[in-house]
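Accompanying notes for the structure given below.
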Amino acid sequence: MRILHLSNHCRFANGNVHAAVDLACQQVAEGHTVAFGSSGGFYEPLLQENGVLLIDIPQEDRKAKTVSRAIAALWRTIRKFKPDVIHAHMMTGAIIAWPLTRLTRIPLITTVHNSFERHAIIMGLGDRTIGVSQAVSDEMIRRRVPHSRVRTVLNGTGNVVRRQKETQSSVSLSKPSLISVGGLHPRKGIPYLLEAFDIVWKSHPEATLNILGEGPFRQEYEKQAAALPSGKNIIFYGALEDTKTYLEASDIFVLPSLREPFGLVITEAREADCAIVATNVDGVPEVTAIGDAGLLVPPADAQALAEALLSLLENPALLQAQKEASKRDIDFFDISRVSAETSDVYRDALEKRRVVSKR
């Protein structure tokens, strides 16, 4: 199959990009011919090394000038690459691809990550719309995307070449070590994590909280942490390529998100043998239900988050049991399963197009 992926960019530290890059590389490994159309970025060398054709299609914004340039670039690409399917991973890609796929009758597949965003309904333009969790799919259906066009393919990070290529470093974290990985903006719930850790620290002053990630609220969160009694035990590292080493050096992974369509980093933390504490929002319960791993708490509730963390820190047997649970059924999250289920969606859309064409 000839597959064209569309993404605004292929920069580091973006979950949508990570999922698209992982899928593209796996599809090439399975014998497909794959191109990646974007404005470029960090993962270009990795894509090229794994046989993915890079195509410059500007998608950084939805301004009229940029969109017209992108449509022209995509049209040239369609004529030259001749894809069987076009797979858009962000809204701009769906916008520029939709009119051309109507003209060429190439199926348009869209993957929805942040279904709660106001403009996410645009992803419903796809002949098939993939939700990265059932929660995402259900939300798109509630927003009037026809049920017949919506499919669910849970993400996965097992055996992805992106993780295998990460630079490995030697890391020693003070024990017990808590870690959180994600963008530093309000949706990720970092203020509640800082408040929860301050409660935990009063009973466990040896504990450390390691926060990996970058974002517009970093300085604000650093100031909040510095003002807490536990502040000296809270370390902000910024966005690091090597999250794997830090996860493997940690005891508990914490995801305090207020909204979370799936949470790729949960599967990465599970692969690293971390016990999981996360908020019970959107797709998170689906990620932890497989293998019955992790402790879930309500969002925006620092006290409940602290109590879950304390239950692990004060009960070594429970902590060990949760670490072992993280590895249970972890093979489900292998990228080969993601690719196979995505291919099923492609074939479904192609067959539908053939049936319609015969009428």
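Please read all numbers here as calculations on a predicted model, not as lab measurements. Hydrogens, waters and symmetry mates are skipped; everything else that's a heavy atom, side chains included, is used.
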Residue list, ring-ring contact (aromatic ring centres under 6.0 Å, His included) with F332, at least two apart or on another chain: none

For a quick test of reading the model, state the closest non-hydrogen atom pair linking L240 to F12 and the distance between them. O-CZ, 2.9 Å

With sequence neighbours left out, what residues match K232 under side chain to side chain contact (heavy atoms under 4.5 Å, CB included)? W201

Sorted by first residue and then second, give each salt bridge (charged side-chain N to carboxylate O under 4.0 Å, His left out) pair with at least one member in residues 296-307; sequence neighbours left out. none

For Y192, the hydrophobic cluster (side chain heavy atoms closer than 4.5 Å, chained through members) also holds L258

Using residues 45-52 as the side-chain source, report each donor-acceptor pair under 3.5 Å to any protein atom, sequence neighbours left out, with the distance given to one decimal.
from: N50; atom 1: ND2; to: L46; atom 2: O; distance (Å): 2.8

Residues in side-chain hydrogen bond (donor to acceptor under 3.5 Å, both in side chains) with Y346, at least two apart? Q27, H87

Residue pairs, two or more places apart or on separate chains, that pass side chain to side chain donor-acceptor pair (under 3.5 Å) and touch residues 275-298: R259-D282

Of all residues at least two apart in sequence or in a different chain, which pass the ring-ring contact (aromatic ring centres under 6.0 Å, His included) check with F81? none

Under the side-chain hydrogen bond (donor to acceptor under 3.5 Å, both in side chains) test, residues paired with S250 that sit two or more places apart: none

Return the set of residues passing ring-ring contact (aromatic ring centres under 6.0 Å, His included) with F116 (not counting sequence neighbours), or none when no residue passes. none

For S230, the side-chain hydrogen bond (donor to acceptor under 3.5 Å, both in side chains) test, sequence neighbours excluded, returns D198

Under the side-chain hydrogen bond (donor to acceptor under 3.5 Å, both in side chains) rule, collect the residues that match up with K202, sequence neighbours excluded. none

